[in-house]
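The structure under discussion appears below in the form of structure tokens.
Here is how names work: the chains are called A, B, and so on, in the same order as the sequence lines, proteins then strands, and each is numbered from 1. On a predicted model such as this, the values are computed, not experimentally measured, just so you know.
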Protein chains: 2
Amino acid sequence: MAVSDEGRRSEAEAMCPHRLVLEHVTSRWGVLVLIRLLERPYRFSELRRAIGRVSEKMLTQTLQTLERDGLVHRDAKPVIPPRVDYSLTGLGREAAEQVRELARWTDRRMADVLAARQAYDEARTP
Amino acid sequence: MAVSDEGRRSEAEAMCPHRLVLEHVTSRWGVLVLIRLLERPYRFSELRRAIGRVSEKMLTQTLQTLERDGLVHRDAKPVIPPRVDYSLTGLGREAAEQVRELARWTDRRMADVLAARQAYDEARTP
DNA sequence: GTGGGTACTTTCTATTAGTTAGTGCAACTC
DNA sequence: GAGTTGCACTAACTAATAGAAAGTACCCAC
């Protein structure tokens, strides 16, 4: 492929929102939310406790993004105290299953990663 | 990612190593690098052009992180001008294939996501 | 009436991403 | 033979973003 074609294609890809959706799904808190919601619906604070070390702001933001992309369903009951349930949509379930597979892979291969790191670190600090 | 900060890095790695590896694999530029390297080895600048809109700093950082985790192999030939080839390790190929599946899913379901977004936006701007 | 819980929003600061410029050397152009 | 370009980075700086903390508005238990 010619260099000029390569350049214009990257330009088009950056403008195309495909990369952005992928970023939402693979975002730091997005992956953890999706994996959690795969087991069952969660309430906001419950989800926050389950994930751990998420700020409320980031969880809200992540959930809003995923809801807008049609991956997460938000069910707010107009009661006091407020009760909001989050669950996966069909679309969200598809994404979440793939993300969970990645997470499981990470789990399985953790030892290899740690070994690689140790080798890497030792190679440059003799 | 403060790769140079030894102290806080080991601290973070001890806290939740599994989550961190997943973050490296699903990082913004990490996914794009892995998918590209799945087709063939790339040189640094070549990879930069292929991905598009990556700063050299971020590409360097991403590649170093992935190399340290044992996902990417770096082959630097001591010639002038410098020539450095990046390729996937066995471990990296496994991760990359899963990431590519996610990217393909995003491609397939893009229309649904866009429809969901439109519905979401229209619902709160009448 | 103090403390805790609900689901957020707002404000402010710490961290991180991205931009720009520089490195040393060779191979091109002119 | 001066100037430009490309290579694979690194360092310094700035813009953007994440995270911490507090505020909101309401209820319940003690």
Side-chain angles (χ1 to χ4, degrees), chain A residues 2-4 6-7 10 14 19-20 23-24 26-33 36-37 41-68 72-87 124, chain B residues 1-13 15-16 19-20 23-24 26-33 36-37 41-68 72-87 124:
Chain A
V3 174
S4 54
E6 194 83 32
S10 317
R19 204 186 264 193
L20 262 162
E23 272 175 33
H24 294 166
T26 61
S27 70
R28 183 171 194 180
W29 305 116
V31 289
L32 300 174
V33 165
R36 279 293 167 176
L37 291 183
Y42 270 85
R43 296 182 63 180
F44 182 84
S45 295
E46 195 184 15
L47 194 53
R48 183 159 132 79
R49 280 189 298 268
I51 290 171
R53 300 207 183 94
V54 216
S55 66
E56 295 189 348
K57 188 186 116 183
M58 285 315 294
L59 186 58
T60 304
Q61 211 171 91
T62 302
L63 286 167
Q64 279 171 357
T65 305
L66 295 178
E67 190 199 351
R68 196 170 98 97
V72 159
H73 174 69
R74 180 176 182 273
D75 183 22
K77 275 118 184 167
V79 294
I80 280 171
R83 181 186 176 93
V84 183
D85 289 303
Y86 289 95
S87 55
R124 45 217 84 202
Chain B
M1 200 179 317
V3 175
S4 55
D5 196 335
E6 290 287 333
R8 250 175 318 149
R9 188 180 60 185
S10 43
E11 195 179 308
E13 275 173 17
M15 265 206 288
C16 195
R19 201 184 268 192
L20 258 158
E23 272 175 33
H24 295 167
T26 61
S27 70
R28 184 170 192 181
W29 305 116
V31 290
L32 300 173
V33 165
R36 280 292 169 175
L37 291 184
Y42 270 85
R43 296 183 61 180
F44 182 85
S45 296
E46 195 183 15
L47 194 54
R48 182 159 134 79
R49 280 190 299 270
I51 291 173
R53 307 242 164 103
V54 216
S55 65
E56 295 189 348
K57 187 186 118 184
M58 284 316 293
L59 187 57
T60 305
Q61 213 172 88
T62 301
L63 285 167
Q64 279 171 358
T65 304
L66 294 177
E67 191 199 351
R68 195 171 97 98
V72 159
H73 174 69
R74 181 176 181 273
D75 183 22
K77 275 119 184 166
V79 294
I80 281 169
R83 180 186 178 95
V84 183
D85 289 303
Y86 289 95
S87 55
R124 46 217 84 200

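Contact check, B:W29 against C:dG18: a side-chain N or O comes under 4.0 Å of OP1 or OP2. Residue B:R43 places at least one side-chain N or O under 4.0 Å from the OP1 or OP2 atom of D:dA8. A close approach under 4.0 Å does not occur between any side-chain nitrogen or oxygen of A:Q61 and OP1 or OP2 of C:dA7. For A:R49, no side-chain nitrogen or oxygen approaches OP1 or OP2 of C:dG5 to under 4.0 Å. Within the 4.0 Å cut-off from OP1 or OP2 of C:dG18, at least one side-chain nitrogen or oxygen of B:R28 is found.
One interatomic measurement links the two molecules: CG of A:L32 to P of D:dG19, which rounds to 11 Å at whole-angstrom precision. Residue B:R83 contributes atom CZ, which lies 15 Å from atom P of C:dA27 at whole-angstrom precision. Taking atom CZ on A:R48 and atom C1' on D:dA18, their separation rounds to 14 Å, with Å as the unit. Computed from coordinates, the B:Q64 CD to D:dA11 C1' distance equals 14 Å when rounded to whole Å. Separating the NE2 atom of B:H24 from the P atom of C:dT16 is a distance of 11 Å, rounded to the nearest angstrom. One interatomic measurement links the two molecules: CZ of B:R53 to C1' of C:dT20, which rounds to 18 Å at whole-angstrom precision.
Counting only heavy atoms from C-beta outward, the side chains of A:L66 and A:L37 never approach each other to under 4.5 Å. Side chains of B:R28 and B:T62 form no contact here, defined as non-hydrogen atoms less than 4.5 Å apart.
Comparing C:dG18, C:dT11, C:dA7 against the side chain of B:M58 picks out C:dG18 as the nearest. Taking every side-chain heavy atom of B:S55 into account, C:dT19 is the closest of C:dT9, C:dT19, D:dC7. Distances were taken from every side-chain heavy atom of B:R74 (C-beta onward) to each of D:dT10, D:dA8, C:dT6; the shortest belongs to D:dA8.
Both A:V84 and B:K57 lie near DNA chain C, and the one whose nearest nucleotide falls closer to the 5' end is A:V84.
When heavy atoms are screened at a 4.0 angstrom cut-off, B:S45 is found touching the sugar-phosphate backbone but no base atom. A:E46 comes within contact range of no nucleotide atom at all, as no heavy-atom separation falls under 4.0 Å.
Annotation: side chain to side chain contact (heavy atoms under 4.5 Å, CB included) contacts of A:V54 (sequence neighbours excluded): A:W29, A:I51, A:M58, A:L59. Qualifying side chain to side chain contact (heavy atoms under 4.5 Å, CB included) partners for A:R83, counting only residues two or more places apart in sequence or in other chains: A:R43, A:K77, A:V79, A:D85. Scored by the salt bridge (charged side-chain N to carboxylate O under 4.0 Å, His left out) test, B:E67 finds no partners at all (sequence neighbours excluded). For A:R49, the side chain to side chain contact (heavy atoms under 4.5 Å, CB included) partners at least two apart in sequence or on another chain are A:S45, A:E46. Shown here are the side chain to side chain contact (heavy atoms under 4.5 Å, CB included) partners of A:H73, two or more places apart in sequence or in another chain: A:D75, A:S87, A:T89.
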Is there any protein nitrogen or oxygen under 3.5 Å from a nitrogen or oxygen in nucleotides 22-29 of chain D, and what are the pairs?
none

